[in-house]
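Computed from heavy atoms alone, side chains included, the values below leave out hydrogens, waters and symmetry copies. Below, read A as the first sequence line, B as the second, and so on, with proteins coming before strands; counting in each chain starts at 1.
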Amino acid sequence: MRNTFVVYVDNKPGVLNRVASLVRRRAFNIESLTVGPTDQPMVSRMTVVVETDESGARRIESHLYKLVNVRRVDNITFVAAVSRDLAMIKVKATPETRSHLLQLVEVYRARVVDVAPGSLIVEITGTEDKISSLAEVLRPFGILEMVRTGRVAMARGEKSSTEGLAELAELQPAAPLS
Amino acid sequence: MNKTGMNKTGAEIIWESLLREGVRHVFGYPGGAILPTYGALARYDIQHILVRHEQGATHMADGYARASGGVGVALATSGPGATNMVTGIATAMMDSSPIVCITGQVHSKVIGFDAFQETDITGVTLPITKHNYLVTRPEDVAPSIREAFLIARSGRPGPVLVDITKDAQQGSCLFDWEAAAPRQPAYRPNHTAAASDYEKALELIRASRRPLILAGHGVLISGASRSLKTFAERAGIPVALTLLGLGAFPASHPLNLGMMGMHGEAWVNQAIQEADLLLAFGMRFDDRVTGNLATYAQNAKKIHIEIDPSEINKNVQVDVALIGDLMEVLDVLLEDLQPVDSAAWLGHIQALKGDSAVRDIQNLPDNGHLYAAHVINDLWRETRGRALVVTDVGQHQMWEAQYYHHEEPRSLITSGGLGTMGFALPAAIGAKFARPDAEVWVVAGDGGFQMTMAELATLAQEKIKLNIAIINNGYLGMVRQWQEFFYEKQYTATPLLNPDFVKLAEAFGIRGIAIHQRGQVRAAVEAARQDPGPVLLDFHVEQEDSVYPMVAAGADLDQMIRRPNPIVETAADA
Ligand SMILES: Cc1ncc(C[n+]2csc(CCOP(=O)(O)OP(=O)(O)O)c2C)c(N)n1
Ligand SMILES: [Mg+2]
């Protein structure tokens, strides 16, 4: 099944490579991987989605912890969580199809962020299913280009998952890590 | 040297840092990108050993680490110097050996421009190091080296590489060792097992009637041999060893069963299959010790004591995991450990021994030929089992494990996880630097020896006393054995045309002796021991002998191939 890991790592060059290399080396397939800053300047947050079973998920988690730059790994697959994907879809638009397209955009609660004589760019945020479904609906009109960010996820509730990382984050890095 | 807060070049800081980490020997090979560091060496009290190939430097550092329990250091230039280290680094990684490799790198301004001798060695070694660093500023030299040592030796040890650009070596900065204290917030090598897990483990031990300890390399790394002995004796539980665990428990101890696995003792593998409790101490259920996982030790509950959490339930599902330093965990268990009612079980294992043919040294045809088993057995007798033996990879490695009975921790050094041919000679040189008083023997095959035999020059130049036993069977013997068993005896690419090893040794100014008959073995070993200089013994052994017993790759552990038509079936030592 699809497992979603939230991985907190040192915000240093090369760390993304270390994480990706580890997952590959242990013969897992990354379905999506996103990385970005957190509210702690020293810490980056990754969302890694991997198709594997329960023991595979445990293996990934324990191997990730062996990376010197990995601060915490949360497997939120079975945790109540909000997960989102963002996509931009450039679709062909003719005077005949344009209004139909705008209706569909409305139905999906997507937004038009660019209008050109022969095309529209539609932006949509939502679950991966919802985005895939919109893409299917737009396909007959002619998709010129599509980009998706991949899943980002966050556990529900008031608990802050970055909380424990704050004091660690105060430490300065010892050296740039490759 | 303890003065800190002085302005120094990056090159000087490298040596200052190494000194403070307790380094006295560095194995290396110079080149352009590391020259600033070599330029500063003369001012420091560190002995540099010039190797003949950078792979040799890494194996020497590895041998040094395994012999001493400390960290070994290897030094090389960028590009080809660094890539030559790859095999040695991977070897150290697989066997959890703490080494620090320092490589020169091209000037930071030209990184990424395919400069002369530029190789992305941190990229190359990413999956085969515990961690690595690219250092581009002199300010980062000391903190990186300090961290490298910490990471290499703590938790589950392993290799760390520090790649330092030429400008970081040449530039200067304030050197302040105190300020360079390691700060890796996320690195947590230490674990403490939960009290409830200790309870569960003790409960399983109490309930067991057929318990068996599987002792691995972790016993040696943790320094837990004494605790293991106390544990086994107090509980009355027999001990089986992995290849890398040999020496962790005295071979002559009544509770020692011997080696497990592919070429382990038949009765050990049988006992594993019949046990009702396995206590895995610092071992990782490698495929060479488990055979077919689906049928492995189906009757046994399993307790795994291991410092690396990622090893738990990796190959074998266990009932209780105690994550932590083995010695600490054993010492906690010892507080409440009671004797187990294992008398019937011990008697049963004794009976299994009688049924085994592994002690087949007596079964070898008495045709005047020299067998490798004879050589190893005589070497063991002559050295009274007290030598530090460093083996290469192949049949001779397994015969050594079967017929040299190791009594002491760190008395066998061998490449287990990676099985790196060419390991023995350089690793032995490193071991000798770590333990100058030890009687060091290399046991190598005629194939593997040729992979790194250039280090004979290092041996000669450094005037090191160690002895070399080449088990010369004219074949890549272990591969020939697989061809014999599994590929219709098609001996493709395994027969060797060898140099005259005696003359070869002599070309390096080293004494060589050729041995063809069993009757000559002990005298030759004795001659080598008496000689103040290194001696190479070229043992011409039976060419098409095989290692028995054998569990074919992936077969059930108790499905062992035995020596055909044994002459005697006996458990008695030859
Ligand atoms: C570097 C390397 N290449 C290939 C192998 C595969 N291999 C394993 S054992 C062996 C034969 C070793 O021959 P030799 O050194 O003569 O020892 P013997 O088995 O004859 O005792 C080979 C080729 C290896 N382990 N390491
Ligand atoms: Mg051979």
Per-residue contact mode, [X] against chain A (heavy atom under 4.5 angstrom):
X	result
B:Gln317	side chain
B:Asp308	side chain
B:Ile312	neither

Next on the checklist: Taking every non-hydrogen pair under 4.5 Å, which of A:Leu64, A:Leu67, A:Val70 racks up the most with chain B?
Outcome noted: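 Among the listed options, the one with the most contacts to chain B is A:Val70.
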Item to check | Check: B:Arg146 side chain, B:Trp177 main-chain N or O, donor-acceptor pair, under 3.5 Å | outcome: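 Indeed, once roles are kept as given, a pair shorter than 3.5 Å links the two residues.
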Next on the checklist: Regarding B:Gln105 and B:Asp163, do their side chains bring together a donor and an acceptor under 3.5 Å, going by distance alone?
Outcome noted: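 Result is yes, a qualifying pair exists.
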Checklist entry - Do A:Asn3 and A:Arg58 have a side chain donor and acceptor closer than 3.5 Å? => result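 The answer is no; no qualifying pair exists.
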Item to check | Passing candidate, side-chain hydrogen bond (donor to acceptor under 3.5 Å, both in side chains) with B:Thr420, options B:Asp95, B:Thr91, B:Thr58 | outcome: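 So, applying the side-chain hydrogen bond (donor to acceptor under 3.5 Å, both in side chains) to B:Thr420 and each of B:Asp95, B:Thr91, B:Thr58, only B:Thr91 qualifies.
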